[in-house]
Amino acid sequence: MSYNSPFTGNVIQPTDVSYRAVTLSANTQLNWPINGNATDDYAARIMQVTATTAGLSLYMPPANQASVGQDALIRNVGANTFTVKDFAGTNTIISVAAGESKYVYITANPTTTGTWGTIAFGTGTSSADAATLAGYGLVASGTTLNQSHPALALVNAGTFAVTDRAQTSVWSGGAGTYTLPSASSLGNNWFTLFKNSGTGSMVISASDNIDGSSTKTFAPNESAFIVSTGVTYITVGYGVSNQFFYTSLVKGVTSGSYTLTSSEATNTIQTYTGTLTGNVTIVYPPVVNLYVIQNSTTAGGYSFTVGTGTGTSVVIPSGQQVTLACDGTNFFNANTTQAGSITTLSLADGNVGAPSLNFGNETTTGVYRASAGQFNTAILGTLRSTLSATGLAIVGTGNFTGGVSGGTF
């Protein structure tokens with residue numbers, strides 16, 4: 001409630017004292033200078049306070065003895081921080097550091113403690129109050145703002161939020177997934193710091209893509225800044241683990257040419273899936289790299305080719321895996337056998353349309369194993385001979401220029 005004059009209807013405020021210098025040597029209760037109250041500890045509209053020691057408090061007068069809007073400007077001209085509290089020191093209204101000025105005023109007065117509003121005037125030169133200005137990624141240190149990247153432990157799957165701006169998010173679980181919201185919802189300049197300190201791969205998923213892909217996998221000990229452009233996400237300072245160097249890409253294809261993004265091409269192990277409805281060509285960036293590529297597509301009679309678009313390319317049959325090296329232009333078979341260290345070489349069974357041992361320029365010609373105990377040859381995808389424990393079976397006619405001898409014909 002407010003006190004009103006019965007003659008004018010105007011709000012009555014305590015007798016106004018414009019200025020007072022206060023030396024605070026103990027917790028001090030102030031009173032309103034009402035009706036000529038001559039107490040030494042009266043509240044003035046402007047008070048310059050010097051606290052002789054740290055940890056002292058200034059108690060404001062009873063709120064219910066004044067109208068709402070009754071105010072005071074309190075400036076700390078000493079070297080020690082003090083607090084301003086409501087009547088009898090029940091609740092803290094505000095803390096005033098050395099050099100700061102704070103404005104307090106009554107917003108509700110049903111009790112002696114009342115409710116108080118505050119405005120930070122800052123220092124004597126009207127600079128901003130650091131603690132009031134500090135937002136995500138900032139922390140007040142005295143009268144200045146400083147960068148802050150507080151660490152937050154992640155142990156369960158979840159979604160990043162606007163409040164994770166400048167947060168250091170540390171994954172400490174096993175394999176898991178964390179999701180980024182739409183980049184437009186966070187805006188251009190939101191960022192967070194991410195570190196995988198867990199025991200398994202951590203997948204960051206983004207509907208707006210991250211580094212050009214819908215997901216980015218962080219192996220244990222890998223880290224990066226994740227930055228929103230307002231349209232998509234990019235990583236800065238991505239650190240590759242020395243212990244878990246290789247990453248994997250699984251990509252679905254059907255028909256036509258697919259140009260890999262730089263992010264996709266950084267995956268050493270690559271698996272391609274899908275049912276082909278036409279010939280497929282995978283175009284890699286012109287960089288030096290080593291790839292282990294698995295063609296897990298259903299061919300349907302169509303080819304699967306990898307290359308840079310300018311140099312030598314390689315056709316990989318369906319169901320086959322190859323290790324390829326790229327010199328920045330050409331792809332080469334990187335499979336080798338070192339004499340003396342490897343005594344056997346095992347091949348996949350293959351089939352008549354994709355022999356396990358074939359030719360780069362004619363992948364449907366070679367040898368394969370159709371079933372147990374057989375050694376088969378295929379020419380242009382057609383079975384031509386079967387060698388087994390019972391003998392040799394030739395499919396088609398024979399032309400023997402030197403004759404045939406032995407056995408019974």
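Computed over heavy atoms, backbone and side chain alike; hydrogens, waters and symmetry mates excluded. Owing to the predicted nature of the structure, the values given are computational and were not obtained by experimental measurement.
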Where Asn358 and Pro355 come nearest, the two heavy atoms and their spacing
ND2-O, 2.7 Å

More than 12 foreign heavy atoms under 6.0 Å from CZ of Phe332: is that the case here?
yes

Ignoring hydrogens and angles, tell me if any N or O in the side chain of Thr92 forms a donor-acceptor pair with the backbone of Ile94 under 3.5 Å.
no

May I ask you to check whether Thr232 and Thr229 show a side-chain donor-acceptor distance below 3.5 Å?
no

Phe304/Tyr302 aromatic ring centres below 6.0 Å
no

So how far is it from Thr199 OG1 to Trp171 CH2, rounded to the nearest 0.5 Å?
9.0 Å

For the residue pair Thr329 / Thr308, report whether a side-chain donor-acceptor contact shorter than 3.5 Å exists.
no

Is the side chain of Gln65 donor-acceptor paired with the backbone N or O of Pro62 at a distance under 3.5 Å, no angle test?
no

Working note: Asn91 + Lys85, criterion side chain to side chain contact (heavy atoms under 4.5 Å, CB included); need CA distance, chi angles, decisive distance, verdict.
CA-CA 5 Å; Asn91 304 294; Lys85 298 186 176 183; over 6 Å; no

Indicate the atoms forming the closest heavy-atom contact of Ser228 with Leu186, along with that distance.
OG-CB, 4.4 Å

Minimal non-hydrogen separation, Asn333 against Leu324, with atom names:
CA-CD2, 3.9 Å

Measure across Ile226 and Phe194 and return the closest heavy-atom pair with its distance rounded to 0.1 Å.
CD1-CB, 4.0 Å

Can the positive tip of Arg45 be found less than 6.0 Å from the middle of the six-membered ring of Tyr19, inside 45° of the ring normal?
no

Give a yes or no on whether the backbone of Ala166 and the side-chain of His149 come within a donor-acceptor separation of less than 3.5 Å.
yes

Just how far is it from atom CG of Leu392 to atom CD1 of Ile394, taken to the nearest 0.5 Å?
4.0 Å

Is any side-chain heavy atom of Ser296 closer than 4.5 Å to one of Tyr272?
no

Could you tell me if the side chain of Leu30 sits less than 4.5 Å from the side chain of Tyr59, heavy atoms only?
no

Leu180 versus Ile210: any side-chain heavy-atom pair under 4.5 Å?
yes

Given 3.5 Å as the limit, does a donor-acceptor pair link the side chain of Asn209 with the main chain of Tyr233, or not?
no

What verdict does the side-chain hydrogen bond (donor to acceptor under 3.5 Å, both in side chains) test give for Thr83 and Ser57, after you've listed the backbone C-alpha separation in whole Å, the side-chain angles of each residue and the deciding distance to 0.1 Å?
CA-CA 5 Å; Thr83 57; Ser57 297; 2.6 Å; yes

Check whether any side-chain N or O of Asn351 sits under 3.5 Å from a backbone N or O of Ala354 as a donor-acceptor pair, and report yes or no.
yes

Does a donor on one side chain sit under 3.5 Å from an acceptor on the other, for Thr215 and Ser213?
no

Residue pair Thr90 / Thr113, side-chain donor-acceptor N/O under 3.5 Å:
no

So, do Ser303 and Val280 sit near enough that their side-chain heavy atoms are less than 4.5 Å apart?
no

Any Lys/Arg nitrogen of Lys251 or Glu264 sitting under 4.0 Å from an Asp/Glu carboxylate oxygen of the other?
yes

Taking the side chain as C-beta and beyond, is there a heavy-atom pair between Tyr258 and Ile282 under 4.5 Å?
yes

Are any side-chain N or O atoms of Ser172 and backbone N or O atoms of Ser197, one a donor and one an acceptor, separated by less than 3.5 Å?
no

Is a side-chain N or O of Thr235 found less than 3.5 angstrom from the main chain of Tyr238, in a donor-acceptor match?
no

Would you check if Val253 and Leu276 make a side-chain contact, meaning some heavy-atom pair closer than 4.5 Å?
yes

Please report the interatomic distance OG1(Thr365) to CZ(Phe359), rounded to the nearest 0.5 Å.
7.0 Å

On a heavy-atom basis, which atom in Trp116 and which in Asp86 lie closest, and how many Å separate them?
NE1-CB, 3.8 Å

Would you indicate whether the side-chain heavy atoms of Leu154 and Tyr178 approach each other to under 4.5 Å?
yes

For the side chain of Asn267 and the backbone of Ile269, is there at least one donor-acceptor N/O pair under 3.5 Å apart?
no

Please find out if less than 6.0 Å separates the ring center of Tyr284 from that of Tyr291.
yes

Checking Lys195 side chain against Ala224 main chain: does a donor-acceptor pair fall under 3.5 Å?
no

side-chain contact (heavy atoms from CB on, under 4.5 Å) partner of Asn376, the single match among Val395, Val367, Leu383, Leu387:
Leu383

Met47 side, atom CE; Leu58 side, atom CG - distance, nearest 0.5 Å:
5.5 Å

Apply side chain to side chain contact (heavy atoms under 4.5 Å, CB included) to residues Thr81 and Ser95 and explain how you reach the verdict.
CA-CA 7 Å; Thr81 299; Ser95 176; 3.3 Å; yes

Gln29 side chain to Ala88 main-chain N or O, any donor-acceptor pair under 3.5 Å?
yes

Spacing of Lys216 atom NZ and Met202 atom CE [to the nearest 0.5 Å]
14.0 Å

Are there more than 12 heavy atoms of other residues, nucleotides or ligands under 6.0 Å from atom CG of Asn189?
yes

Side chain proximity check, Gln270 to Ser248, heavy atoms < 4.5 angstrom:
no

I would like to know whether Gln70 and Val68 meet side chain to side chain contact (heavy atoms under 4.5 Å, CB included); could you show each step before the answer?
CA-CA 6 Å; Gln70 184 68 35; Val68 291; over 6 Å; no

Mind listing the closest non-hydrogen atom pair of Ala372 and Arg369 along with its distance?
CA-NH2, 3.2 Å

Cut-off 3.5 Å, side chains only: do Asp71 and Tyr103 have a donor facing an acceptor?
yes

Please test Asn76 against Phe82 for side chain to side chain contact (heavy atoms under 4.5 Å, CB included), starting from the C-alpha separation and ending with a verdict.
CA-CA 8 Å; Asn76 187 348; Phe82 64 88; 3.4 Å; yes

CZ of Arg75 to CG of Leu73: how many Å apart, nearest 0.5 Å?
9.0 Å

